[in-house]
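Following: one structure in structure tokens, then a few remarks.
Chain A is the first sequence line, chain B the second, and so forth, proteins listed ahead of strands; every chain is numbered from 1. Basis for what follows: all heavy atoms, side chains included, without hydrogens, waters or symmetry-related copies.
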Amino acid sequence: MPESSESPLSDAAAHEQSSGPDVATPIIAWFAENARDLPWRRPGFTAWGTLVSEFMLQQTPVARVIPRLEEWLARWPTPADLAASPPGEAVRAWANLGYPRRALWLHRAAVEITERHGGVVPSDVDQLLALTGIGDYTARAVSVFAYGLRHPVVDTNVRRVIARAVDGNGQPGPPSAKRDLPAMTALLPDDLADARAFNAGIMELGAIRCTARSPQCDDCPLRDICRWRAAGYPEYTGQKKAVQKKYEGSDRHVRGLIMAELRHTHRPVTPAEIAGLWPDVDQLQRALSGLVADGLAVPEDEGYVLP
DNA sequence: AATACGTGGCC
DNA sequence: TGGCCAAGTAT
């Protein structure tokens, strides 16, 4: 009799019978050997640091985030420190990370954490979701990575790995909490530490091996069980992603020009200076109004300043 | 549900 | 060159 009677099936293996091959075990093992050395994986990294990193990582590449994150945490080591600064300083420190509303939202979240949670980043997903700028991904990421709670964490990397390895599709369909969370839950190990490592590992796999454009399947821990690979990498036939609009000449572009100007000075930016940023007066006015409406620019006597 | 929202690197 | 992509959220 083999050792199966003496070594019971692991939790992960137990899922196998109803849910296909075990995805978690090879990913956890791979992650233990291949995890990048990133700031938020350092021992002693705080929950606040995790929250800040997750805000910055929303749609912005890791390499661009790291220097800004380190500056940010040196300047504002706690939520209360950030809450005590003007929001405009957060926008300035955000620099070129893009989507500067996130800086405003992060500042607002810091105020909320200070007021509602005594300055301690909450671990509860629903309390995190109630904070400004925190959605389904970030709430779970903070709860899991900062506090070790057991939840599925689903980002674009995770969705892509599951689409390929489990569903046999080259790309995931449109994001859907209704489908994405159950799909990840079905793969999640029962053990707390394993669940955390699996969440981090599958995200890392999507980020550095199972990438969108050039997957390195020969070095993938799932190469023997990946359904997309087994099927010969069929073209994706599902719903196409909405085409990203051209940036050059867009309203976003003009907003970006104005924001760069506001960040680079502590003096009000005059209407004349703003007028010099872009030839189309109507578009410039539209961008400026939008920024004021968003709270990123504030009109003063002399011109516009950060909040 | 579709769209707006920055900035830059990569092939 | 230019389209695609990047740890999403709010509306």
Side-chain angles (χ1 to χ4, degrees), chain A residues 31 35-36 38-41 49-69 91 94-106 108-109 128-146 151-161 170-181 184 199-208 210-215 236 239-263 283 286-287 289-291 293-297:
Chain A
F31 184 61
R36 289 169 294 176
L38 298 170
W40 43 93
R41 293 177 183 158
T50 299
L51 193 158
V52 174
S53 74
E54 294 298 350
F55 263 85
M56 291 184 169
L57 287 164
Q58 293 167 5
Q59 300 287 278
T60 300
V62 167
R64 205 181 310 166
V65 161
I66 290 173
R68 298 293 85 77
L69 175 66
V91 174
W94 197 257
N96 66 339
L97 291 180
Y99 294 146
R101 294 188 294 190
R102 290 181 295 161
L104 226 41
W105 292 340
L106 177 52
R108 204 166 301 157
L128 286 160
L129 277 172
L131 299 172
T132 301
I134 293 192
D136 212 46
Y137 164 75
T138 303
R140 291 161 181 281
V142 170
S143 183
V144 170
F145 300 137
H151 300 287
V153 180
V154 179
D155 76 336
T156 188
N157 292 305
V158 172
R159 292 180 350 90
R160 184 172 53 250
V161 173
Q171 302 175 40
S176 156
K178 280 276 187 284
R179 299 178 318 104
D180 297 340
L181 286 177
M184 183 61 177
N199 274 310
I202 191 170
M203 198 176 306
E204 184 78 343
L205 185 66
I208 68 176
C210 192
T211 63
R213 279 181 288 192
S214 53
Y236 176 69
Q239 184 174 338
K240 281 189 180 175
K241 211 172 295 185
V243 189
Q244 195 167 17
K245 279 191 178 171
K246 189 170 68 170
Y247 180 69
E248 191 67 28
S250 66
D251 285 1
R252 273 146 115 158
H253 186 177
V254 180
R255 285 171 58 107
L257 292 174
I258 298 171
M259 287 310 300
E261 204 67 16
L262 291 174
R263 284 197 307 267
Q283 194 181 11
R286 189 165 63 243
S289 303
L291 290 173
D294 290 344
L296 285 165

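Nucleotides B:dA2 and C:dA7, compared at atom P, are 23 Å apart to the nearest Å. C:dT9 and B:dG8 have their P atoms separated by 23 Å, with the value rounded to a whole Å. The same atom, P, is picked in B:dT3 and in C:dC4; the two are 16 Å apart, to the nearest Å.
By the 4.5 Å heavy-atom criterion applied to side chains, A:Leu296 and A:Leu104 are counted as neighbours.
Heavy atoms of A:Pro100 sit under 4.0 angstrom from primed sugar atoms or phosphate atoms, though from no base atom. At the heavy-atom level, A:Lys246 lies nowhere under 4.0 Å from the strands shown. Within the 4.0 angstrom heavy-atom criterion, base atoms lie near A:Tyr247.
Nucleotides of DNA chain B that come within less than 4.0 Å of any heavy atom of chain A span, from the 5' end to the 3' end, B:dA4 to B:dC10.
Residues that satisfy the salt bridge (Lys or Arg N to Asp or Glu O under 4.0 Å) test with A:Arg101, not counting sequence neighbours, are absent from this structure. A:Thr60 meets the side-chain contact (heavy atoms from CB on, under 4.5 Å) test with A:Arg64, A:Val65, A:Leu97, A:Arg102; sequence neighbours excluded. Residues passing the side-chain contact (heavy atoms from CB on, under 4.5 Å) test with A:Gln244, sequence neighbours excluded: none. With sequence neighbours excluded, the residues satisfying side-chain contact (heavy atoms from CB on, under 4.5 Å) with A:Ala141 are A:Glu54, A:Tyr137, A:Phe145, A:Val153. Take A:Leu38 and apply the side-chain contact (heavy atoms from CB on, under 4.5 Å) test, not counting sequence neighbours, and it matches A:Arg36, A:Trp40, A:Arg41, A:Val62, A:Ile66. Under the rule for a ring-ring contact (aromatic ring centres under 6.0 Å, His included), A:Tyr236 has no partner lying at least two apart in sequence or in another chain.
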Heavy-atom contacts, protein to nucleotides 4-10 of chain C, under 4.0 Å, summarised as B (base), S (sugar-phosphate only) or - (none) per nt, yield BBBBBSS
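Judged as a salt bridge (Lys or Arg N to Asp or Glu O under 4.0 Å), the pairs with a partner in residues 246-260 of chain A (not counting sequence neighbours) are, in order, A:Asp251-A:Arg286, A:Arg255-A:Asp294.
Mapping A:Ser214 and A:Ala260 onto DNA chain B via the closest heavy atom, the residue that lands nearer the 5' end is A:Ala260.
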